[in-house]
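By convention here, the first residue in the shown sequence is residue 1. This structure is a prediction, so every number in the text was calculated from the model and none was measured. In listed order, ligands and their atoms are each counted from 1.
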Amino acid sequence: MKSTAPDQHTIPSWQQSTADHLWMPYCQQKTAPRPLPVVATEGMHLILDDGRRLIDGLASWWTACHGYNHPAIAAGVTEQLQQMPHVMFGGIQHPPAAKLATRLAALLPGDLNRVFLCDSGSVAIEVAMKMAVQSYLNRNQSGRLRFISFRNAYHGDTTGAMSLCDPVTSMHAHFKGFLLEQYPAPLPRTRQEIADFNRFVKERRDDLAGIVIEPLIQGAGGMRFHDPETLVALRNCCDDNDLLLIADEIATGFGRTGTMFACEQADIVPDIICVGKALTGGTMGMAATIATDRLYQHFHSDQPQHALMHGPTFMANPLACTAANASLDLFETEPRLQQAQALQKVLEEGLAPCRRLGSVVDVRTRGAVGVVQVKELDRVPQMIAAAVQEGIWVRPFKDMVYVTPALNMPHAVAEELCGALVKVLDAWDQDKLPIS
Ligand SMILES: *Cc1c(COP(=O)(O)O)cnc(C)c1O
């Protein structure tokens with residue numbers, strides 16, 4: 001029997017269909033407010049069904065790095081759509097994938113030259129884990145099956161990736177027992193912590209395949225920042241213990257921290273790097289796992305069983321590769337990295353007034369990321385409703401409200417975004433929501 005929502009006559013039927021049939025992400029659908037009805041996107045804005053325009057503070061989960069509907073990406077994808085929307089990748093190659101792999105290899109530091117294209121960030125992590133473990137199996141080292149990952153880490157929602165997330169504070173914590181057991185560790189920052197960490201790793205090295213880290217910014221696990229020195233320490237630790245360093249740059253890649261990849265700021269080369277999110281400029285789903293030539297050598301042999309047995313049906317989708325190539329063109333032709341760097345100052349100044357609020361414990365920025373951390377986040381639906389009323393889209397979670405705007409957001413728009421957020425947080429802090 002169909003359930004009858006009390007307000008079914010006041011909302012359009014397509015939205016009733018969402019309520020009746022769509023299983024929405026990361027929410028208790030019984031109590032969550034109705035999702036925002038978005039019918040179009042344009043530049044920095046989401047456009048609602050009633051015509052209202054909201055500044056997107058999140059660039060659709062870090063993806064739309066050039067803003068929405070960039071004409072150069074649209075033109076490339078439209079042409080590719082006529083020519084060849086998709087073809088299987090097993091036993092077949094095509095120009096958009098070849099071009100993309102060459103460009104990623106050229107952009108990435110060191111000899112990260114072996115590109116495996118897949119369909120989502122979580123799958124890129126699964127592939128990285130599989131590559132790491134198999135690289136030891138192919139060398140007849142069979143016990144090296146586990147990984148070190150960090151408190152507040154987030155690496156995705158598939159089961160392998162879930163096992164790398166913070167085992168206590170992550171949303172996947174109640175799956176303990178179902179998941180692979182890894183070695184979670186505090187992220188080492190000080191000299192003493194680095195020494196302790198090195199000891200921790202050394203004691204377990206015979207069980208370990210690698211260390212997995214989100215460089216410079218831990219994202220969905222809590223938007224915590226760390227310094228390049230930590231990455232240097234992890235690289236040294238991996239070298240000392242013959243371990244693989246896996247950099248999850250799914251969120252930080254493509255300019256978000258002010259350099260093309262966050263690892264560049266530490267001048268380190270991981271053994272495997274995962275990219276996703278902004279890879280296609282926010283146009284469609286695609287991710288990649290890229291290994292060094294050195295790692296690839298462990299798979300390149302006369303033994304069939306040394307091969308990597310992985311191949312998502314839609315891997316290297318030509319439309320997604322074309323979107324990614326067009327996005328990389330924009331990084332070449334427009335000053336995207338400088339824009340990301342310049343946004344940091346705008347966000348820093350724009351969010352600074354939040355420091356005065358009693359319930360705010362920290363305001364921090366890095367590249368085109370701004371975070372307002374609070375003592376305790378509550379009244380989230382009211383906060384989101386007030387933000388929408390003020391013309392912006394944000395999605396607070398855990399203990400913070402954050403913005404990750406398009407890297408080319410005009411400064412006036414970024415100021416408007418921050419101004420509205422400050423107004424909302426001020427009212428929230430004083431328990432004066434909704435804003436009248
Ligand atoms: C989003 C994200 C993932 C997962 O990517 P999906 O495309 O959502 O599967 C993994 N790691 C990090 C750091 C992310 O931000």
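- Using a 4.0 Å cut-off between heavy atoms, E214 contacts ligand 1 through its side chain alone, with no backbone atom that close.
- Using the six-membered ring where Trp is involved, F254 and F331 have ring planes that are tilted, between 30° and 60° apart.
- Listed by number with element, the atoms of ligand 1 under 4.0 angstrom from any heavy atom of D248 are 10 (C), 11 (N), 12 (C), 13 (C).
- Near A251, the atoms of ligand 1 lying under 4.0 angstrom from a non-hydrogen atom of the residue are 15 (O).
- Between H70 and H66, the two ring planes are perpendicular [angle over 60°; tilted spans 30° to 60°].
- The distance from ligand 1 to the heavy atoms of G156 drops below 4.0 Å at these ligand atoms: 4 (C), 10 (C).
- Close contacts between ligand 1 and H155 involve ligand atoms 10 (C), 11 (N) [criterion: under 4.0 Å to a heavy atom].
- Counting heavy atoms under 4.0 Å from ligand 1, residue W62 does not touch it at all.
- Ionic pairing of R146 and D206 is not present here: no N-O contact between side-chain nitrogen and carboxylate oxygen is shorter than 4.0 angstrom.
- Using bins of under 30°, 30° to 60° and over 60° for the plane-to-plane angle, the ring pair F197/F150 lands in the tilted bin.
- Salt bridge status for E203 with R199: absent, with no side-chain N to carboxylate O gap under 4.0 Å.
- Distances below 4.0 Å separate heavy atoms of S122 from the following atoms of ligand 1: 4 (C), 5 (O), 6 (P), 9 (O).
- When only interatomic distances are considered, the shortest N/O to N/O separation between I250 and ligand 1 does not fall below 3.5 Å.
- Of the N and O atoms on the side chains of T41 and N69, at least one donor lies less than 3.5 Å from an acceptor on the other residue.
- Nearest protein heavy-atom neighbour of atom 14 (C) of ligand 1: K277 NZ, 2.9 Å.
- In terms of protein heavy atoms, atom 5 (O) of ligand 1 is closest to G121 CA, 3.2 Å.
- The pair D399-R224 meets the salt-bridge criterion, since a charged nitrogen lies less than 4.0 angstrom from a carboxylate oxygen.
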